[in-house]
Engineer: 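Input: one structure, supplied below.
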There are 2 protein chains.
Amino acid sequence: MKKNTSILLAEDDLNLGQLLQTFLKTKGFEVSLAQNGKTALERFHEGSFDFCIFDVMMPEMDGFTLAKEIREIDKQTPILFLTAKAMKEDKLEGFSLGADDYLTKPFAMEELLARINAILRRVDTSDEEEDGSRMIGAIKYEPELRLLHLEEETKKLTTKENQLLTLLVKNQNDILDRQAALRAIWGDDNYFNGRSMDVYIAKLRKALKSDESIEIMNVHGKGFKLIVKEA
Amino acid sequence: MKKNTSILLAEDDLNLGQLLQTFLKTKGFEVSLAQNGKTALERFHEGSFDFCIFDVMMPEMDGFTLAKEIREIDKQTPILFLTAKAMKEDKLEGFSLGADDYLTKPFAMEELLARINAILRRVDTSDEEEDGSRMIGAIKYEPELRLLHLEEETKKLTTKENQLLTLLVKNQNDILDRQAALRAIWGDDNYFNGRSMDVYIAKLRKALKSDESIEIMNVHGKGFKLIVKEA
DNA sequence: GGCGCCCGTTAAAAAACGTTAAGCCCATGT
DNA sequence: ACATGGGCTTAACGTTTTTTAACGGGCGCC
């Protein structure tokens, strides 16, 4: 059973936003609509999305800044920009931020759909299963359901545990920057949030300790690295 | 089981970057993607890569400067440049910096793959094992896991110990320049960092003293030299 | 041979991280 | 309203990692 592709849509114009949302829903997507960049960013870090559609001009936080924040810890998820006018600079800046595409308003619904599908076809190569789960060593992890399937029990993760593990997995075998992670999950990288994160690292280590080949290694002063040793 | 060859890819255009990353991943490589030269340099010094692909034009630090920095302490790891236009001067400068090959954009994925494999076949002469470990005298060293297997115990190295030992090993039987090492690991070669490095040299000497054939020799005013005497 | 500088080593200080437990807040059911 | 419980933060204490200090020895050079 193929899981629904979930889209994060950030659009301040509620008219257009809802129109797009309903349209995409009829096409079989799950769509979460945010009305400004800030809530969109929070939503992104809470949830688990396969695709992003961001309006460039938005209150609180514009689409480009939003994309930049997301790219600090996630270089995978495709982002498509909606831009009001055909501005050359806009296009250039967007692409340098790792946009996978852009669309100039006004546009046809069908064109949007075509672009989305094209990008998804091109990009989808992660070691993620069809149902959204993935393996960490011998442990099955379902981010959307916040479940960790261990030998016997199957552990329910809390929001924060899940966010942190998701980031670690996204950066598997690579450094997850401490500051970036704090900004992504806590919104601010002060001392106390840092201590809080360390507590969650301890929790995750305990949860994952059943598989000896998994290690959350600390890189002093830089961050953490999820290592999965080869068999 | 053959370890995945790990590639450091520095490319500011995330579109192209991700495209290359996913392509190379499907071909069995481990790919770490950095969006500018500076983070790429940090990543290089922290991690352990078998191959580098650098875009020439990048923000923060361009590909040539990046290569120059790396070549100060690593003369082995192959570097392939991606250049926008076929500029003769670029090529010349690149080769003088120790580039192993070039590719002019746009290029075919398959060609990139062919070049990589050609270089790896040609260059791979390191005494590195298939699993990424290597021997220093009679001591087994696993840089990615930061482990040093001595007679009885197996010592976990700290981040800094590991970085320094990696540099020494890369320049085995050759001088590791003091200033270059400081810039590589500490980012700055001031007095205090220098003293700090001396402390780590002492630590490594102590750790390696179980094997009499290994010596970290000082070359006055120049740097250090890791010497492994023949049996 | 004396003097400055660089290095060797050990110890102390400081910073970062590891872990456990206690406290706090908020939602929920009674 | 009151208790209950889960989730998150803060506190407290321990350990590890890194830096700085301190002191002694070696090297090169006039």
Side-chain angles (χ1 to χ4, degrees), chain A residues 42 45-46 145-148 153 155-168 175-182 184-209 214-227, chain B residues 42 45-46 146-148 153-168 175-182 184-209 214-227:
Chain A
E42 286 171 17
H45 287 133
E46 295 283 328
L145 300 174
R146 313 204 309 211
L147 291 178
L148 259 188
E153 354 105 86
K155 181 168 168 49
K156 276 200 283 281
L157 298 178
T158 72
T159 309
K160 287 262 144 66
E161 286 168 351
N162 192 54
Q163 286 178 277
L164 187 51
L165 184 54
T166 298
L167 287 195
L168 285 167
I175 294 183
L176 169 61
D177 185 79
R178 204 181 157 82
Q179 313 225 111
L182 281 168
I185 300 178
W186 279 268
D188 181 19
D189 67 336
N190 63 38
Y191 171 78
F192 290 107
N193 289 337
R195 275 355 302 287
S196 208
M197 181 161 109
D198 291 331
V199 171
Y200 279 99
I201 289 287
K203 283 182 202 281
L204 289 179
R205 282 197 179 119
K206 196 181 287 184
L208 295 170
K209 77 172 179 300
I214 301 174
E215 185 188 347
I216 298 179
M217 172 192 266
N218 171 258
V219 181
H220 198 95
K222 298 270 183 194
F224 295 95
K225 200 180 202 175
L226 177 65
I227 294 179
Chain B
E42 283 175 19
H45 286 134
E46 164 48 29
R146 310 201 311 209
L147 292 176
L148 213 48
E153 354 106 84
T154 158
K155 183 170 168 48
K156 276 201 282 280
L157 298 178
T158 73
T159 308
K160 288 259 143 69
E161 286 167 351
N162 192 54
Q163 285 179 280
L164 186 51
L165 184 53
T166 298
L167 288 195
L168 285 167
I175 292 184
L176 169 62
D177 184 77
R178 202 181 159 82
Q179 313 228 110
L182 281 168
I185 300 177
W186 279 268
D188 181 19
D189 67 336
N190 64 38
Y191 171 78
F192 290 108
N193 289 336
R195 269 5 295 289
S196 209
M197 181 162 108
D198 290 331
V199 171
Y200 279 100
I201 289 288
K203 282 181 202 282
L204 288 180
R205 282 194 179 122
K206 196 180 287 182
L208 295 169
K209 76 172 180 301
I214 302 174
E215 186 191 348
I216 299 180
M217 166 194 271
N218 172 257
V219 181
H220 197 89
K222 299 277 182 192
F224 295 96
K225 197 188 231 177
L226 176 66
I227 297 178

Engineer: Ignoring hydrogens, what is the shortest heavy-atom contact between A:A181 and A:M197? Give both atom names and the distance.
Structural biologist: CB-SD, 4.1 Å

Engineer: Which heavy-atom pair separates A:L168 from A:L176 by the least distance, and what is that distance?
Structural biologist: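 Answer, listing the atom of A:L168 first, then A:L176: CD2-CD2, 3.8 Å.
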
Engineer: Kindly give the heavy-atom pair with the smallest separation between A:D188 and A:N193, and that separation in Å.
Structural biologist: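 Smallest interatomic distance, heavy atoms only, reads O-ND2, 2.9 Å.
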
Engineer: Provide, to the nearest angstrom, the distance between the CG atom belonging to B:N218 and the P atom belonging to C:dC6.
Structural biologist: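 These atoms are roughly 12 Å apart.
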
Engineer: Measure from the side-chain heavy atoms of B:A202 and tell me the nearest of C:dC7, D:dT9, C:dT9.
Structural biologist: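 Nearest to the side chain of B:A202 among the choices is C:dT9.
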
Engineer: For A:K222, what residues pass the salt bridge (charged side-chain N to carboxylate O under 4.0 Å, His left out) criterion, not counting sequence neighbours?
Structural biologist: B:E42

Engineer: What is the distance, rounded to the nearest whole Å, between atom OH of A:Y191 and atom P of C:dC17?
Structural biologist: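 My rounded result for the distance is 11 Å.
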
Engineer: Mind checking what makes side-chain hydrogen bond (donor to acceptor under 3.5 Å, both in side chains) contact with B:T159, not counting sequence neighbours?
Structural biologist: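 For B:T159, the residues satisfying side-chain hydrogen bond (donor to acceptor under 3.5 Å, both in side chains) (neighbours in sequence not counted) are B:R146.
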
Engineer: For B:L164 and C:dC7, what is the distance between atoms CG and C1' respectively, to the nearest whole Å?
Structural biologist: 14 Å

Engineer: Using OP1 and OP2 only, check whether a side-chain N or O of A:W186 sits under 4.0 Å from D:dC8.
Structural biologist: no

Engineer: Please tell me if B:K156 has a side-chain N or O lying less than 4.0 Å from either OP1 or OP2 of D:dT16.
Structural biologist: no

Engineer: Where the side chain of B:D189 meets the backbone of B:L182, is there a donor-acceptor pair that is under 3.5 Å apart?
Structural biologist: no

Engineer: Mind calculating the distance between CG (B:D189) and P (C:dC7) to the nearest angstrom?
Structural biologist: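 So the two atoms are 12 Å apart, to the nearest Å.
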
Engineer: Could you identify which residues of residues 192-199 of chain A place a heavy atom less than 4.0 Å from some atom of DNA chain D, listed by residue number, or say none?
Structural biologist: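 Within residues 192-199 of chain A, the residues near DNA chain D are A:F192, A:R195, A:S196, A:V199.
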
Engineer: How long is the gap from NZ on A:K155 to CG on A:L148, to the nearest 0.5 Å?
Structural biologist: 8.0 Å

Engineer: Donor-acceptor check, side chain of A:H45 to backbone of A:A184, threshold 3.5 angstrom: yes or no?
Structural biologist: yes

Engineer: Might you point out which heavy atoms bring B:L157 and B:E161 nearest each other, and give the distance in Å?
Structural biologist: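 Heavy atoms of B:L157 and B:E161 come nearest at CA-OE1, 3.3 Å.
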
Engineer: Separation of A:Y200 atom OH from D:dG7 atom P, in whole Å?
Structural biologist: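 Nearest whole value for this atom pair: 9 Å.
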
Engineer: Side chain of B:I201, heavy atoms from C-beta onward: which of C:dG8, D:dT9, D:dT18 has the nearest atom to it?
Structural biologist: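 Of the options given, the side chain of B:I201 lies nearest C:dG8.
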
Engineer: Checking all strands, does B:F224 fall into the base, sugar-phosphate, or nothing category for heavy-atom contacts under 4.0 angstrom?
Structural biologist: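 Counting heavy atoms under 4.0 Å across all strands, the contact made by B:F224 is with sugar-phosphate only.
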
Engineer: With a non-hydrogen cut-off below 4.0 angstrom, is B:K203 in contact with a base, only sugar-phosphate, or nothing?
Structural biologist: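 Answer is base: heavy atoms of B:K203 come under 4.0 Å of a base.
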
Engineer: In whole angstrom, what separates B:N162's CG from D:dT16's P?
Structural biologist: 18 Å

Engineer: Only counting residues at least two apart or in another chain, list the ones meeting side-chain hydrogen bond (donor to acceptor under 3.5 Å, both in side chains) with A:T166.
Structural biologist: A:Y141

Engineer: Could you pull out all residues at least two apart from A:E215 that satisfy salt bridge (charged side-chain N to carboxylate O under 4.0 Å, His left out)?
Structural biologist: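 Salt bridge (charged side-chain N to carboxylate O under 4.0 Å, His left out) check on A:E215 returns A:K229.
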
Engineer: What's the CD1-C1' distance between A:I216 and C:dC17, to the nearest Å?
Structural biologist: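 Atom-to-atom, A:I216 to C:dC17, this comes out as 13 Å.
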
Engineer: Counting only heavy atoms and a strict 4.0 angstrom limit, can you tell me which residues of residues 175-182 of chain B come near DNA chain C?
Structural biologist: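 Output list: B:R178.
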
Engineer: The criterion is side-chain contact (heavy atoms from CB on, under 4.5 Å); which residues satisfy it with A:L145, sequence neighbours excluded?
Structural biologist: A:E142, A:L147

Engineer: Would you mind reading off the bend of the helix from C:dC7-D:dG24 to C:dT30-D:dA1 from its two end axes, five pairs each, to 10 degrees?
Structural biologist: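 Inter-axis angle at the termini of the helix from C:dC7-D:dG24 to C:dT30-D:dA1: 30°.
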
Engineer: Under 4.0 Å between a side-chain N/O of B:K160 and OP1 or OP2 of D:dT19, yes or no?
Structural biologist: yes

Engineer: What residues form a side-chain contact (heavy atoms from CB on, under 4.5 Å) with A:N218, not counting sequence neighbours?
Structural biologist: A:R205, A:H220, A:F224

Engineer: Quick one: A:L204 CG to D:dC8 P, roughly how many Å, whole number?
Structural biologist: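 To the nearest whole Å, that distance equals 12 Å.
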
Engineer: Under the salt bridge (charged side-chain N to carboxylate O under 4.0 Å, His left out) test, which residues partner B:R195, sequence neighbours left out?
Structural biologist: B:D198

Engineer: Protein-nucleotides 25-30 of chain D N/O pairs closer than 3.5 Å?
Structural biologist:
none

Engineer: Using only side-chain N and O atoms of A:T159, determine if any of them is under 4.0 Å from OP1 or OP2 of D:dG7.
Structural biologist: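 Checking A:T159 against D:dG7: no side-chain N or O falls below 4.0 Å of OP1 or OP2.
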
Engineer: With a cut-off of less than 4.0 Å, is there a side-chain N or O of B:T158 near OP1 or OP2 of D:dT16?
Structural biologist: no

Engineer: Excluding sequence neighbours, so at least two apart, what forms side-chain contact (heavy atoms from CB on, under 4.5 Å) with B:A202?
Structural biologist: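 Result, side-chain contact (heavy atoms from CB on, under 4.5 Å) vs B:A202: none returned.
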
